[in-house]
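The structure appears right after this line, and notes come after that.
We number each residue from 1, following the sequence as shown. The shown structure was predicted, so the numbers you read here are calculated from the model rather than taken from an experiment.
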Amino acid sequence: MTVKEVEALSGMPRANIRFYEAEGLLTPARNANGYRDYSQEDVAVLQRIRLLRLLGLPIEDIKGLQSGALMLSDALAQRLAALEREEAQATRAQTVCRAMQSDRASYATLDAGRYLLQLERPPLPAAVAAQPAPPLPAPPEEDTVPRVTAPWRRYFARAFDVSIYTTLWCCFLALACGVNLTQWNGAVIDTVIGAVLMLLAEPLMLHFFGTTPGKWLLGLGVTDEEGRKLSYSAALERTWTVLWRGYGLHIPVYSWYRLWQSYRDCQDGDALDWEFDSQLTLRESRTPLRVMGMLAGCGVLVGAMALSWQLAATPRYTGDLTVAQFAANFNQMADYYGYDNLDELGEDGRWVERSENIIILEGLLESPQPEFVYTVEDGVLTGVSFAYTVEGGGAQVMPPERTVAALAFVGAQKPDLLSREELDSLVNFLEGSPFASFTDTVWGVAVSAQADWDGYLGEGSWNDVTVLWPDESEERYLSVSFSMTVT
């Protein structure tokens, strides 16, 4: 039977049962998986231990009874004598307390010697007068194995481990899948993958090392109740139970309830559900250093996330480009930044499937698809430009191909992973002021944009898109040019 069944039958909590096992008073059998398998005889032994402990017999006497070195009648006779001495001691203590009350004794003027004499040498019954007066009784022994609670330390250790799994997943998304983490909206997938990684990694770490990164940083370890590292199956069951009973499988609301309930149980010193056959150890030394290590670890995780984002946002080809490499960069940046409506460029720098002359955006807005013009010197692409003119069109937006081309060409000239301010400023200007004319040099590339129009009311906003609104009563004309040249 399981320890829960034994608790119910013996009337003894798990902590006491584990203590008596550690003292050698109980040795349950083991299943094939290593878990304890208690018998009815084990329950009978626990009930005997419970009775004798309630009678006040010490653990050493119970060990002697089990080994046959001590007879029960002798143990009971010794205990009765001790109880009589304790009763006499209690009677003396009551007599002295009443005497002190009668004398209206105060602490400042207390004649301790007089009362100590009464306490140590009172008139005793003949039956016990010849026995020496016992010392004042010590506090009763707690028959439990000391438990490590430290709920907040455990919570932060677990949170750090979960952050590692999340960071690994996000780095995979960014570097292997080319996902833009700033636009990623997959909280449910993140939660599921994080739980899967936890189930894969944590049992292995507990089995081989007896700890996890978060636990190690905060001085925590996990062993079985004999102080050995957990078996893989026990570690796996422990991790699964943490997910289910600790985190509530991350089910909204229920997960918060499970965290709160686990905190309460931990504070009360109760065994948590996943501590069925394991125990937590704690090293209290160097706590400030451990906290600093945890903060440094958090910084490493944040840095890894930032670095993966920067690497994913960097064009595949950098330095001197060919037209084919620029086209590959363009397609990559369009996918990464979510320009899903753009056509692909082929290796020759032309559109793979040429759209109509006018692209209808949102069903209302018009923007020509620009045809890129390339400047090549000795096989190296040194310039990219386009220009177009619209006469009599409707509401106009700047083609997004301009921004993507800047990311693909300018971003390839100086792939600085630590500083993207200049490139980000260029992109923000292109997106925020699409019809403004300007000339600037960014990362060694001269960037020029010109926009001239007539018959339009001016710029406005529609669904977060900057629009050039037409004046229906006027003849309309729009001329746009954009160029990037390596200086």
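- Residues W274 and S262 meet the side-chain proximity criterion, which asks for heavy atoms closer than 4.5 Å.
- With values rounded to the nearest 0.5 angstrom, D161 atom CG is found 12.0 Å from L197 atom CG.
- The two residues A174 and S308 have their closest heavy-atom pair at CB-O, 3.8 Å.
- Within 6.0 Å of atom CG in D471, more than 12 heavy atoms from other residues, nucleotides or ligands are found, so the atom counts as buried in its surroundings.
- In this structure, L236 and L199 approach most closely via the heavy-atom pair CD1-O, 3.8 Å.
- Applying the side chain to side chain contact (heavy atoms under 4.5 Å, CB included) test between S278 and each of L206, L230, T223 identifies L230 as the sole match.
- Under the 3.5 Å distance criterion, the side-chain polar atoms of W453 are left unmatched by any main-chain donor or acceptor of G458.
- With hydrogens and angles disregarded, a donor-acceptor distance shorter than 3.5 Å links the side chain of T211 to the backbone of L220.
- Of the inter-residue distances, the one linking Q450 atom CD with D452 atom CG reads 6.5 Å to the nearest 0.5 angstrom.
- The nearest pair of heavy atoms linking L218 to R290 is C-CD, 3.7 Å.
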Which donor-acceptor pairs under 3.5 Å do side chains of residues 322-337 form with protein atoms, sequence neighbours excluded?
residue, atom, partner, partner atom, Å
T322, OG1, Q325, N, 3.1
Q325, OE1, T322, N, 3.0
N329, OD1, R316, N, 3.3
N329, OD1, Y317, N, 3.0
N329, ND2, Y317, O, 2.9
N329, ND2, A408, O, 3.3
N331, OD1, L345, N, 2.9
N331, ND2, A327, O, 3.3
N331, ND2, L345, O, 3.0
Q332, OE1, R316, N, 2.6
Q332, NE2, T314, O, 3.2
Y336, OH, W309, NE1, 3.3
Y337, OH, R420, NH2, 3.3

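- Side-chain contact check for V6 versus R36: every heavy-atom pair is 4.5 Å or farther apart.
- Other residues, nucleotides and ligands contribute only 12 or fewer heavy atoms inside 6.0 Å of the CH2 atom of W256.
- Note that the CD atom of E5 and the CD atom of Q40 stand 10.5 Å from one another [nearest 0.5 Å].
- In terms of heavy-atom proximity, V467 sits nearest to F435 at C-CE1, 4.4 Å.
- Under the 4.5 Å side-chain criterion, counting only non-hydrogen atoms from C-beta, V384 is in contact with Y374.
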Quiz item: Y247 and R158: side-chain contact (heavy atoms from CB on, under 4.5 Å), yes or no, with the steps?
Solution: CA-CA 11 Å; Y247 279 101; R158 174 72 60 188; 2.6 Å; yes
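- Remark: the backbone N or O of S448 is not paired with any side-chain donor or acceptor of T439 at under 3.5 angstrom.
- Considering only heavy atoms from C-beta on, L342 comes within 4.5 Å of V404 through its side chain.
- Partners of R245 under the side chain to side chain donor-acceptor pair (under 3.5 Å) rule, at least two apart in sequence or in another chain, are D273.
- The aromatic rings of Y254 and W244 lie tilted to each other, with the angle between the two planes from 30° to 60°.
- Once rounded to the nearest 0.5 Å, the distance linking CG of L272 with OG1 of T241 reads 11.0 Å.
- Shown here is E475, whose CD atom has no more than 12 heavy atoms of other residues, nucleotides or ligands within 6.0 Å.
- Of the possible polar contacts, none joining the S10 side chain to the Q47 backbone as a donor-acceptor pair under 3.5 Å is found.
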Quiz item: Could you go step by step and tell me if L426 and F438 meet the side-chain contact (heavy atoms from CB on, under 4.5 Å) rule?
Solution: CA-CA 11 Å; L426 172 63; F438 75 96; 4.0 Å; yes
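- For Q396 (side chain) and G394 (main-chain N/O), a donor-acceptor pair under 3.5 Å exists by modelled atom type.
- Proximity of R53 to N16: side-chain heavy atoms (C-beta onward) are nowhere separated by under 4.5 Å.
- A donor-acceptor pair under 3.5 Å links the side-chain atoms of R402 to the main chain of L430, judged by distance alone.
- When atom types are taken as modelled, the side chain of E237 and the backbone of A234 share no donor-acceptor pair closer than 3.5 angstrom.
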Quiz item: Does the pair E431 and T403 meet the rule for a side-chain hydrogen bond (donor to acceptor under 3.5 Å, both in side chains), with working shown?
Solution: CA-CA 7 Å; E431 291 288 290; T403 301; 2.5 Å; yes
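- In this structure, F172 and I193 have side chains that are not in contact, with every pair of non-hydrogen atoms separated by 4.5 Å or more.
- Of all heavy-atom pairs spanning V445 and Q413, the tightest one is CG2-CG, 3.3 Å.
- Side chain of D348 to backbone of R350: a donor-acceptor contact under 3.5 angstrom is found.
- Counting heavy atoms of neighbouring residues, nucleotides and ligands inside a 6.0 Å radius, atom CZ of R283 exceeds 12 of them.
- Within the model, atoms CZ of F160 and OG1 of T167 stand 8.5 Å from one another, a figure rounded to the nearest 0.5 Å.
- For W260 and Y257, the ring centers sit 6.0 Å or farther from each other.
- Rounding to the nearest 0.5 Å places NZ of K229 at 14.5 Å from CE of M205.
- Classification of R18 and E21 as a salt-bridged pair holds, one side-chain N sitting under 4.0 Å from a carboxylate O.
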Quiz prompt | Chi angles and distances behind the salt bridge (charged side-chain N to carboxylate O under 4.0 Å, His left out) call for E275, R154 | solution = CA-CA 13 Å; E275 295 176 333; R154 298 171 69 171; 2.6 Å; yes
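- Panel note: side chain Q279, backbone D224; a donor-acceptor pair is recorded below 3.5 Å.
- Put simply, the side chain of T382 never gets that close to the backbone of V486: no donor and acceptor are under 3.5 Å apart.
- Using a 30° and 60° split on the angle between ring planes, F372 and F386 fall in the perpendicular class, above 60°.
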Self-check item: Y477 vs T389, side-chain contact (heavy atoms from CB on, under 4.5 Å): CA-CA, chis, key distance, verdict
Solution: CA-CA 7 Å; Y477 166 85; T389 299; 3.5 Å; yes
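- In terms of heavy-atom proximity, G346 sits nearest to V352 at N-CG2, 3.6 Å.
- When side chains are defined from C-beta on, W351 counts as touching E371, because their heavy atoms get closer than 4.5 Å.
- Looking only at side-chain heavy atoms (C-beta outward), V222 and L280 come within less than 4.5 Å of each other.
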Quiz item: Are I164 and L301 close enough, and set up right, to give a side-chain contact (heavy atoms from CB on, under 4.5 Å), and what steps lead you there?
Solution: CA-CA 7 Å; I164 292 177; L301 295 181; 4.1 Å; yes
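- Residues S39 and D42 have side chains that bring a donor and an acceptor to within less than 3.5 angstrom of each other.
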